[in-house]
Protein chains: 4
Amino acid sequence: MAAGPEVGLRADARRNLGQILLAARRMFAEAGPDVPMEEIARQAGVGVGTLYRRFPDREALIRAVARESLANVADEARRAVEEEPSAWAALIRLVRHSQRLQVIVRLALMSSRAREILRDDPETQRSCRAVLAVLGEIVRAAQDEGTLREDVGAGDVAVLFSFLLKQTPVANVPAASVTERAFVLMLDGLRARPGTPLPGRPITEEDLDFRQPGEG
Amino acid sequence: MAAGPEVGLRADARRNLGQILLAARRMFAEAGPDVPMEEIARQAGVGVGTLYRRFPDREALIRAVARESLANVADEARRAVEEEPSAWAALIRLVRHSQRLQVIVRLALMSSRAREILRDDPETQRSCRAVLAVLGEIVRAAQDEGTLREDVGAGDVAVLFSFLLKQTPVANVPAASVTERAFVLMLDGLRARPGTPLPGRPITEEDLDFRQPGEG
Amino acid sequence: MAAGPEVGLRADARRNLGQILLAARRMFAEAGPDVPMEEIARQAGVGVGTLYRRFPDREALIRAVARESLANVADEARRAVEEEPSAWAALIRLVRHSQRLQVIVRLALMSSRAREILRDDPETQRSCRAVLAVLGEIVRAAQDEGTLREDVGAGDVAVLFSFLLKQTPVANVPAASVTERAFVLMLDGLRARPGTPLPGRPITEEDLDFRQPGEG
Amino acid sequence: MAAGPEVGLRADARRNLGQILLAARRMFAEAGPDVPMEEIARQAGVGVGTLYRRFPDREALIRAVARESLANVADEARRAVEEEPSAWAALIRLVRHSQRLQVIVRLALMSSRAREILRDDPETQRSCRAVLAVLGEIVRAAQDEGTLREDVGAGDVAVLFSFLLKQTPVANVPAASVTERAFVLMLDGLRARPGTPLPGRPITEEDLDFRQPGEG
DNA sequence: TATGAATGAGTTTTCATTCAT
DNA sequence: GATGAATGAAAACTCATTCAT
């Protein structure tokens, strides 16, 4: 198990670091990657200087949040595979429970600035690939089970589910309810049974690799 | 019928106004509601001063773009109803062809700042309600045709389709292809046939009214 | 004659631009290239915003000041050649009267940051070469006159005179007097008559070209 | 004789103190008195805290470096007088070999901030006067020898030599060579023989006393 | 005593908005 | 009416100095 950067820090420093990451994750998730650094520092209960001591600039902070969240999601995904009775159930649990997915979507899919930063970070790419690999396994298992239609790939599933996570409060109906219904509708679209044939080829995990969009 | 703001302007002034709205619409759609005002002015081929003469501040510009786009979408929706052979086809055409929907989604659903501005604008609310009314008609007609499942409302459909429009470039696969597949998957989820029963009650057009989210 | 950047500006804007350059020149000369931008703006009687509208960042301002000063020095040098009765006199007049030399020395020779900025600016290099070319002519003419020792080049003269301009207030004696005496001592060192043979070869104008120091 | 601050310290503490002064001297000499304190601490191999324990603030550090360097220069000067065969040779050796002179020039003559700090420090003034006193002796001896022109004082010599030490890399010619030639040119200017009469009166050691420039 | 973490004031730079021409 | 210049407040980032461990 690799030692994280937090090892060897003084107790208070380690706590501060944790607070900073927590605050950043929350604020990035709810307000995007452009929230003022001072705001993040304030939420974390530290001075800006402290924030900058740990993360030399905003990009470093964005990277750190993305890395940590992706690692967490990968863990959860693996656990879902192990613990759920079916691949279909694992799929559902993954989207439902992974709070960390929210930030990632917000960073990687809703801000072109953040996307570029992450695209150039090898570790983010690695973790991202790891997550997509697990998702790919789940998808293939679900297809083997006969619960998931055959003409989709992990990429299609990821795209569909990412929509849910871009959710922004919309209406005078509890957001959870809106999301939940949309989720079920999507699952119905994904379910294995005669539906409209999909155009093109399945979008695979390799297709979502953070490379320059449209390159392939 | 109240005269629009463009009546009684000198020819060049009217042209400028049009250019500004066009530029703003484009830039809001592609970069969000925070693009520098100077940038918009430059794209429109006018000085900032001119922009500010027409729209006292950014909020006014956002409102104007939203109003115009919503009016346009309402028109298109009505035309789709008239011209398409089935309600299902009208539904599909609406999402596929309404470029204006893109801006609206970007403004109303992807930026909390813009959302607040629009929430407080009666005219935007009116137009929004008009669009949703047409959508409601289409939805009910499609259900009568038997092409759309019975347990969804116009709100559900709107939410689902809004996802498509939040599309951000993602992968090394042409964005159009990704969207197209997701679209078909969603349509499959919406299609009338025994699927998973949806939790809660249909989300109606009234539910999406721009009131404080979660209030209702 | 090429139109400077100041043509076509509104009268007040042109005045402001002039004030900014003047203030920057003065402050760079007396305090170096790191004086706060706000300070320069205040001295120029404008807001920082105005300063930044003209010069996108500090580097641009430094470049502008250097270019303007070098151009001015080149002019003065040419005039000195024309108007003075002897090359020796032209040499003396050049150092004595060129106030602009002060800033250039301060920027190009006393701050490694500024030196790097200027080294990468082709126009500065061109002007610098032009000035050195005139100095080279003067030097050769003075040697032909028999007033300047034969074993020095324009580079040696430039180095020596640059010392005078690095002058920083030193003592409880009028700075002018100190400089004046040092100047005469240097002139005596340069004068043509049997002196100590100089080590190495004459340092020419090409040697002072702003290329990476020590490269040659 | 008062005990220096280094007496009675623990061995490691004394070593640290030495390292700090060494690092500060080097960095002041090459980058001026504004180098970040952390940088100095890092070079010295200690934490900032340790640096600040020894020197309450930057000014104290500057003073310490100046004092130590001046003391060292005074020693060297006295040794030069004793060991060199002629006053002229002592003069030359002094400039050529005293590395410590570099820092002093950098602090006292190239930074107005540092100059002010040192001007207000009695011990620096004392040491400075001591050095100038030795220089004065050398000058007068050289004049008695007939090797140095009569119309200069220790101040003139100091000013001239200080120029050499302000040397900043300039050209694509080895800096040492440039300096060496300039040095010889200056010596030629100083040499005893009919030259241009110097304006004003000799600048004496008293004139260079660090009092407010221009006061006298 | 040594360390390096935390703080916050100081600078640079950007951009919405106002206003002179 | 149009223009683009001027303004200043806001946000990112750096670093001297203090203080907990």
Side-chain angles (χ1 to χ4, degrees), chain A residues 8-17 20 34-41 44-61, chain B residues 9-14 16-17 34-42 45-61, chain C residues 8-17 20 34-41 44-61, chain D residues 9-10 12-13 16-17 34-42 45-61:
Chain A
L9 281 181
R10 244 164 47 186
D12 58 340
R14 188 156 54 246
R15 187 163 35 69
N16 278 342
L17 181 54
I20 290 172
D34 297 323
V35 272
M37 295 292 266
E38 294 238 14
E39 203 69 9
I40 297 175
V46 304
V48 237
T50 303
L51 199 167
Y52 275 96
R53 161 179 283 269
R54 294 300 161 209
F55 305 99
D57 55 20
R58 178 187 294 279
E59 306 207 349
L61 182 57
Chain B
L9 285 179
R10 252 163 43 184
D12 58 339
R14 188 156 54 249
N16 278 344
L17 182 55
D34 297 323
V35 272
M37 295 293 264
E38 295 240 14
E39 203 70 8
I40 297 174
R42 175 165 31 263
V46 303
V48 240
T50 305
L51 198 168
Y52 274 93
R53 159 173 291 272
R54 292 300 162 213
F55 305 98
D57 56 20
R58 179 185 293 275
E59 307 207 347
L61 182 57
Chain C
L9 281 181
R10 245 163 46 186
D12 57 341
R14 186 156 56 248
R15 187 164 35 70
N16 278 341
L17 181 54
I20 289 171
D34 296 322
V35 272
M37 294 294 264
E38 294 238 14
E39 203 69 9
I40 297 175
V46 303
V48 238
T50 303
L51 198 167
Y52 275 93
R53 160 177 284 269
R54 294 301 161 209
F55 304 99
D57 54 21
R58 178 186 294 278
E59 306 207 349
L61 181 58
Chain D
L9 285 180
R10 253 167 39 187
D12 58 339
N16 278 345
L17 182 56
D34 296 324
V35 273
M37 296 293 265
E38 296 240 12
E39 205 68 8
I40 297 174
R42 174 165 30 265
V46 302
V48 241
T50 305
L51 198 167
Y52 274 93
R53 158 172 291 273
R54 293 298 161 215
F55 305 97
D57 56 20
R58 179 185 294 276
E59 307 207 347
L61 181 58

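Below, chains carry the letters A, B, ... as their sequence lines are ordered, and counting in each starts from 1. Being a predicted model, the structure only gives us computed values, none of them experimental. Worth knowing before you read on, the calculation uses all heavy atoms, side chains too, and leaves out hydrogens, waters and symmetry mates.
Rounding to the nearest 0.5 Å gives a distance of 5.5 Å between CZ of R58(C) and CD1 of I40(C). Rounding to the nearest 0.5 Å gives a distance of 11.5 Å between CG of D12(C) and CG of L17(C). Rounded to the nearest 0.5 angstrom, I20(A) CD1 and R53(A) CZ are separated by 11.0 Å.
At the phosphate of dA5(E), neither OP1 nor OP2 sits under 4.0 Å from any side-chain N or O atom of T50(A). Of the side-chain N and O atoms in N16(D), one or more sit less than 4.0 angstrom from OP1 or OP2 of dA2(E). Phosphate contact (OP1/OP2 of dA5(E), side-chain N/O of R14(A), threshold under 4.0 Å): absent.
Looking at M37(C) and L61(C), their side chains come closer than 4.5 Å, going by heavy atoms from C-beta outward. Side-chain contact check for T50(C) versus F55(C): every heavy-atom pair is 4.5 Å or farther apart.
As a whole-Å value, the separation of L17(A) CG from dG4(E) P is 17 Å. In this structure, I40(C) places its CD1 atom 12 Å from C1' of dT11(E), rounding to the nearest Å. The nearest whole Å value for the distance from the CD1 atom in I20(C) to the C1' atom in dA5(F) is 11 Å. The CG atom of L51(A) sits 17 Å away from the P atom of dC15(F) (whole-angstrom rounding). Atom CZ in R54(B) sits about 14 Å away from atom C1' in dT3(F), given to the nearest Å. For the pair F55(D) CZ and dA16(F) P, the computed distance is 16 Å after rounding to whole Å.
Contact record, N16(D) with V46(D): OD1-CG1, 3.4 Å, taken as the closest heavy-atom pair. Taking each heavy atom of R54(B) and A13(B) in turn, the nearest pair found is NH2-CB, 3.5 Å.
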Next item on the list: Fill in the dot-bracket string of DNA chain E, one character per base: . for unpaired, | for a pair to another strand, ( ) or [ ] for pairs within the strand, taking Watson-Crick or G-U pairs under 3.5 Å.
Entry: .||||||||||||||||||||

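Candidate nucleotides dA6(E), dG4(F), dA2(E) were compared by shortest atom distance to the side chain of R53(D), and dA2(E) ranks first.
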Check: Once each nucleotide of nucleotides 13-21 of chain E is scored for protein heavy atoms under 4.0 Å, what B/S/- sequence comes out, 5' to 3'?
Finding: BB-SBB-B-

